[in-house]
Number of protein chains: 2
Amino acid sequence: MLRVLVVDDQALVRRGFAMVLGNESDIEVVAEAGDGLEAIDAARAHKPDVILMDIRMPELDGLESTARILAEVGDETRIIILTTFDPDEYIYRALRAGASGFVLKDIPPEALVAAVRTVAAGGAMLDPTITRRLIARFAGDLGTEQDYGERLERLTAREREVLEAIADGKSNLEIADALFIGPATVKSHVSSVLSKLGLRDRAQAVVFAYECGLAKVGARDVGF
Amino acid sequence: MLRVLVVDDQALVRRGFAMVLGNESDIEVVAEAGDGLEAIDAARAHKPDVILMDIRMPELDGLESTARILAEVGDETRIIILTTFDPDEYIYRALRAGASGFVLKDIPPEALVAAVRTVAAGGAMLDPTITRRLIARFAGDLGTEQDYGERLERLTAREREVLEAIADGKSNLEIADALFIGPATVKSHVSSVLSKLGLRDRAQAVVFAYECGLAKVGARDVGF
DNA sequence: ACGCGTCTCCCCCAAAAGTCGGAGTTGCGC
DNA sequence: GCGCAACTCCGACTTTTGGGGGAGACGCGT
């Protein structure tokens, strides 16, 4: 039996989802919550298998609640984020917060039920448009390497090293130390890099490095 | 009416999928193919809306076929990759090849039908385990959101705007123009941002913006 | 031997960036 | 009204950056 917690600030919406899920023989709605704080309490008390979490709520929004519940109650609880609106602004935060699902509220009832079962089984369920975006992003990690790769190939090996160092947030002096060369040499290389890539300054070089895949998000600590 | 092409080297499997899909009133199986080359011919001839493509086939495997079909016939044709085995080794190549879906063959019939409709509508459908893996990869396998999120929240709204502009490769003067404020003000904000985030210069700010998700790879052109 | 590209380094110079301290304005909450 | 935070600006200062030359050394291919 899958034990589910439904969280939404609108009682009607809450009841609707609870009703749909409750009709399934293998699903039981163990609690409902009207805001983020209630959600955390309920999660703590009932330790549900799956939480349906609205994103826009008073007190504490769904994303913050998600993060706290996963941190506190444990990640054997799966959370599906629900939203009415365009997910663009929230989706990234939701995924980072640890959500297992992200669906629009206009999802067909059967699909919602399927989503609950899917995430309970350890899978993840995203709205198709979001999935497509994730794929594009994933494929883009290497897909665009070809495009910008051309520009990258105009650089010499040493220049690429310097560019990497720039993308690491290093100053010219730090780069000099790291590569065992003089500061003047670094400046030469930096100038070549900027000129060859058509960039203006090292900040743009950092952007370029990320966009072309030379630098990858998550591949470093931002400790500085 | 959705026009579908089914590609699999095993005739029985092929017929099975065709049968399931053909029973739907809004889906028509316009052709079947037994290997990659046949698939390309059939795709060229029928220009189907959706192709169900087995991954293991003689002559030309499903991934190579996918890439060629998308390049040749055009990307208004959506392709779903089917596999019996653990998708780990193929998924990466499949997504890069441009597939809109990737599902295991033991998918329930209704789910397969839903997948066809989903990708035809421009969405994407992945096996839940794959979706989870994509999310994990995207999120960097780490709950880093909180770390950087906290640091981001120390910034005022205006400072975040400035940081975004920095991450866009803009100079102080360009930022001033973009935000309709004086250059001196920009410098103030930049100083605040750097100091609050513990960064040294704008290049590190760009790195930070990418790492914390404020700036997104692929969300811009590196035209400068 | 010669040219070529790369790596190394130098000087000078101008522009941009960043720091420091100060200061006026608004708006918001107590 | 008062404190406070945020947004806005200023001026002067130091540091960093980037450009424009140039130059020596090395290796590589013709």
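Convention: sequence-line order gives letters A, B, ...; per-chain numbering from 1.
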Query raised in the report: Can we say A/E24 and A/R117 salt-bridge, meaning some charged N sits less than 4.0 Å from an Asp/Glu carboxylate O?
Result: yes
Query raised in the report: Would you say the side-chain atoms of A/R44 pair up with the backbone N or O of A/V73, donor to acceptor, closer than 3.5 Å?
Result: no
**Report entry** Test item: A/R132 side-chain N/O and B/V119 main-chain N/O as donor-acceptor pair under 3.5 Å
**Finding:** no
Requested in this report: Indicate yes or no for a side-chain donor-acceptor contact from B/D35 to the backbone of B/L37 under 3.5 Å, with no hydrogens or angles considered.
Outcome: yes
Query raised in the report: Taking B/D177 for the side chain and B/F180 for the main chain, is one N or O donor matched with an acceptor at less than 3.5 Å?
Result: no
Query - Salt-bridge criterion met for A/R200 and B/E174 (N-O under 4.0 Å) - result: yes
Query raised in the report: Within the distance-only criterion (no hydrogens, no angle test), does the side chain of A/R78 pair as donor or acceptor with the backbone N or O of A/G101 below 3.5 angstrom?
Result: no
Report summary line: Taken to the nearest whole Å, NZ/B/K196 to P/C/dG18 is 17 Å
Report task. Return no unless some side-chain N or O of B/S191 is found under 4.0 Å from OP1 or OP2 of C/dG18. Result -> no
Query - Salt-bridge criterion met for B/E64 and B/R68 (N-O under 4.0 Å) - result: yes
Requested in this report: Would you please name every residue forming a side-chain hydrogen bond (donor to acceptor under 3.5 Å, both in side chains) with A/K105, sequence neighbours left out?
Outcome: A/D8, A/D54
Query raised in the report: Looking at residues at least two apart in the chain, or sitting in another chain, which of them share a salt bridge (Lys or Arg N to Asp or Glu O under 4.0 Å) with A/E38?
Result: none
Query raised in the report: Would a 4.5 Å heavy-atom cut-off, applied to side chains only, mark A/M53 and A/L5 as touching?
Result: no
Report task. Check DNA chain C against residues 158-166 of chain A and give the residues with a non-hydrogen atom under 4.0 Å, in numerical order. Result -> A/R158
Query raised in the report: Is the shortest heavy-atom distance from the side chain of B/S65 to the side chain of B/L60 under 4.5 Å?
Result: yes
Query raised in the report: Do NZ/NE/NH1/NH2 and the carboxylate oxygens of A/E32 and A/R15 come within less than 4.0 Å?
Result: yes
**Report entry** Residues in contact with DNA chain C, drawn from residues 180-190 of chain B - heavy-atom cutoff 4.0 Å
**Finding:** B/K187, B/V190
Report task. Within residues 171-178 of chain B, find the residues that approach DNA chain C with a heavy atom at under 4.0 Å, and present them sorted by residue number. Result -> B/S171, B/N172
Report summary line: First and last nt of DNA chain D near chain A, cut-off under 4.0 Å to heavy atoms, 5' to 3', are D/dT17 to D/dG19
